[in-house]
Trainee: 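Before anything else, here's the structure in question.
A note on names: the letters A, B, ... follow the listed sequences, proteins ahead of strands, and every chain is numbered from 1. The figures here come from the full heavy-atom set of this structure, side chains too, leaving out hydrogens, waters and symmetry mates.
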Amino acid sequence: MKKLLGAAVLLNRHTGEIEPAQIFSGCDDANRRHYEELWKPELVRRNADFANWDDSASGNAQDSHWEWDEIMTSSLSYESFVIECGGVTQGFMNVNVATKFAKLAPHNGRELAYIDRIATAPWNRHKFTATPKYKGVGRALFATSVSLSIDLEFYGRIGLHALEQSETWYQELGLTDCGFDEAEGMRYFEMTEEQAIEFLKGAEV
Amino acid sequence: MDRRQMTLILSDKEMEVLDELSQRRGMSKTALLRQALRLYQSVTERIERGEKVFVEHPTTKDKAELVVL
């Protein structure tokens with residue numbers, strides 16, 4: 001069931017204006033339709049510019065095969081979120097809250113919120129388009145995952161595997177690069193309780 | 001998140017385990033029980049799909065299959 005969680009703001013780079021956005025838990029048919037009719041055609045078109053999945057990182061299109069309708073399940077193990085602005089879905093996020101555990105000391109083995117998938121709309125992405133529209137989608141969704149982690153008494157702990165084009169961004173958010181994970185074929189990043197506190201302090205400014 | 005209330009009756013032994021685990025995991029009893037429910041649902045769904053769930057010894061790498069009845 002889709003439910004309004006709260007408000008956020010995004011910078012419209014085209015106009016230079018700040019615009020109100022809404023963050024929801026869950027999604028509805030409108031979000032699914034936006035993905036199928038607005039996101040997917042652009043992702044598929046952009047992905048066709050590259051010979052393989054590795055190369056598509058340079059066009060910020062490595063998620064072109066993600067099927068959000070299948071990803072966003074009703075299982076208790078996952079919490080799903082969308083962010084809307086201007087009446088359109090600007091971002092999706094799916095978080096595993098059941099089966100992933102922290103690797104970094106001193107809380108290794110403790111529960112964490114694992115960001116299974118997170119994506120901003122194609123028209124907001126650098127390298128995807130020369131004139132990306134909204135800035136702040138990923139950060140707003142990431143902040144939502146930290147809030148979720150705190151709400152579940154995971155103390156802000158976050159884990160994720162990063163697509164190549166997003167690795168620098170996660171470092172900038174304050175996560176620790178735990179190195180390349182052979183099993184997943186991607187680098188693993190983790191946010192500790194202390195890093196979550198620092199991230200939230202930054203979000204208050 | 002919408003929340004609903006229920007009364008849970010536990011034996012002394014079950015309550016001791018709940019107390020101990022909530023201390024060890026650094027979570028309230030409510031948060032711990034909610035997490036246990038998520039895990040139980042996840043394991044049940046995987047086994048129902050025909051997947052196998054194992055626990056592995058850290059040094060010997062011996063595996064034991066987790067079976068849910």
Side-chain angles (χ1 to χ4, degrees), chain A residues 1-6 23-28 70-82 93-114 116 144-159 183 192-194 196-197, chain B:
Chain A
M1 186 189 300
K2 185 176 174 182
K3 185 181 175 188
L4 179 64
L5 282 184
I23 299 174
F24 298 87
S25 66
C27 70
D28 61 12
E70 295 172 15
I71 291 167
M72 300 179 100
T73 70
S74 59
S75 164
L76 288 180
S77 299
Y78 291 89
E79 297 284 346
S80 301
F81 302 90
V82 297
M93 180 173 68
N94 200 42
V95 185
N96 180 334
V97 293
T99 60
K100 301 288 186 178
F101 299 89
K103 297 180 179 179
L104 290 177
H107 298 114
N108 44 317
R110 292 281 179 89
E111 294 73 11
L112 57 64
Y114 175 86
D116 178 58
T144 302
S145 75
V146 176
S147 296
L148 172 69
S149 175
I150 290 168
D151 185 52
L152 296 175
E153 299 186 24
F154 300 170
Y155 300 91
R157 293 188 294 267
I158 300 291
T192 64
E193 297 176 24
E194 293 74 19
I197 291 167
Chain B
M1 185 185 305
D2 293 326
R3 289 179 179 172
R4 294 163 74 177
Q5 192 171 348
M6 68 170 282
T7 302
L8 179 66
I9 298 172
L10 298 176
S11 67
D12 288 346
K13 189 175 179 181
E14 288 164 341
M15 186 59 86
E16 282 174 23
V17 171
L18 183 56
D19 278 333
E20 185 202 338
L21 277 176
S22 66
Q23 281 194 7
R24 280 166 59 183
R25 306 303 295 182
M27 304 166 83
S28 67
K29 292 174 202 171
T30 300
L32 188 102
L33 285 171
R34 291 169 62 199
Q35 188 64 9
L37 187 58
R38 288 184 204 105
L39 274 172
Y40 195 65
Q41 187 198 38
S42 175
V43 168
T44 301
E45 285 177 347
R46 283 167 181 257
I47 288 174
E48 285 177 354
R49 287 199 298 264
E51 298 177 33
K52 292 182 177 178
V53 180
F54 292 94
V55 290
E56 185 181 80
H57 190 279
T59 50
T60 66
K61 302 298 179 189
D62 286 341
K63 287 182 181 176
E65 186 179 346
L66 184 66
V67 178
V68 177
L69 299 175

Trainee: Okay, side chain of B:Glu45, backbone of A:Ser75: is any donor-acceptor separation there less than 3.5 Å?
Mentor: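 Not a single qualifying donor-acceptor pair exists.
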Trainee: List the atom of B:Met27, the atom of A:Glu111, and the distance in Å for their closest heavy-atom pair.
Mentor: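 Closest heavy-atom pair between B:Met27 and A:Glu111: SD-OE1, 3.6 Å.
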Trainee: At their closest point, which heavy atom of B:Gln35 faces which heavy atom of A:Val97, and how far apart are they?
Mentor: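 Here B:Gln35 and A:Val97 meet closest at NE2-O, 3.0 Å.
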Trainee: In terms of heavy-atom proximity below 4.5 Å to chain A, should B:Ser28 be classed as side chain, backbone, both, or neither?
Mentor: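 Both backbone and side chain.
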Trainee: Does a donor on one side chain and an acceptor on the other come within less than 3.5 Å for B:Gln41 and A:Ser77?
Mentor: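 Judged by distance alone, the side chains do not pair up.
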Trainee: At a heavy-atom separation under 4.5 Å, does A:Tyr155 approach chain B through its side chain, its backbone, both, or neither?
Mentor: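 Just its side chain gets close to chain B.
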Trainee: Heavy atoms only: give me the nearest B:Arg25-A:Gly109 pair and the separation to one decimal.
Mentor: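 Scanning both residues, the minimum pair turns out to be NH2-O, 2.6 Å.
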Trainee: What distance separates A:Glu153 CD from B:Thr30 OG1, expressed to the nearest 0.5 Å?
Mentor: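 Answer rounded to 0.5 Å: 7.5 Å.
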Trainee: Between A:Ser25 and chain B, with a heavy-atom cut-off of 4.5 Å, which part of the residue counts as in contact: side chain, backbone, both or neither?
Mentor: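 Neither; nothing under 4.5 Å.
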Trainee: Work out which heavy atom in A:Leu152 is nearest to a heavy atom in B:Arg34; give both atom names and the distance.
Mentor: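 Between these two residues, the closest heavy atoms are CD2-NH2, 3.8 Å.
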Trainee: For the residue pair A:Ala98 and B:Arg38, what are the closest heavy atoms and their distance?
Mentor: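 Scanning both residues, the minimum pair turns out to be CB-CB, 3.8 Å.
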Trainee: Can you tell me if A:Lys2 has over 12 outside heavy atoms packed within less than 6.0 Å of its NZ?
Mentor: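 Yes, because the 6.0 Å sphere around NZ of A:Lys2 holds more than 12 heavy atoms from other groups.
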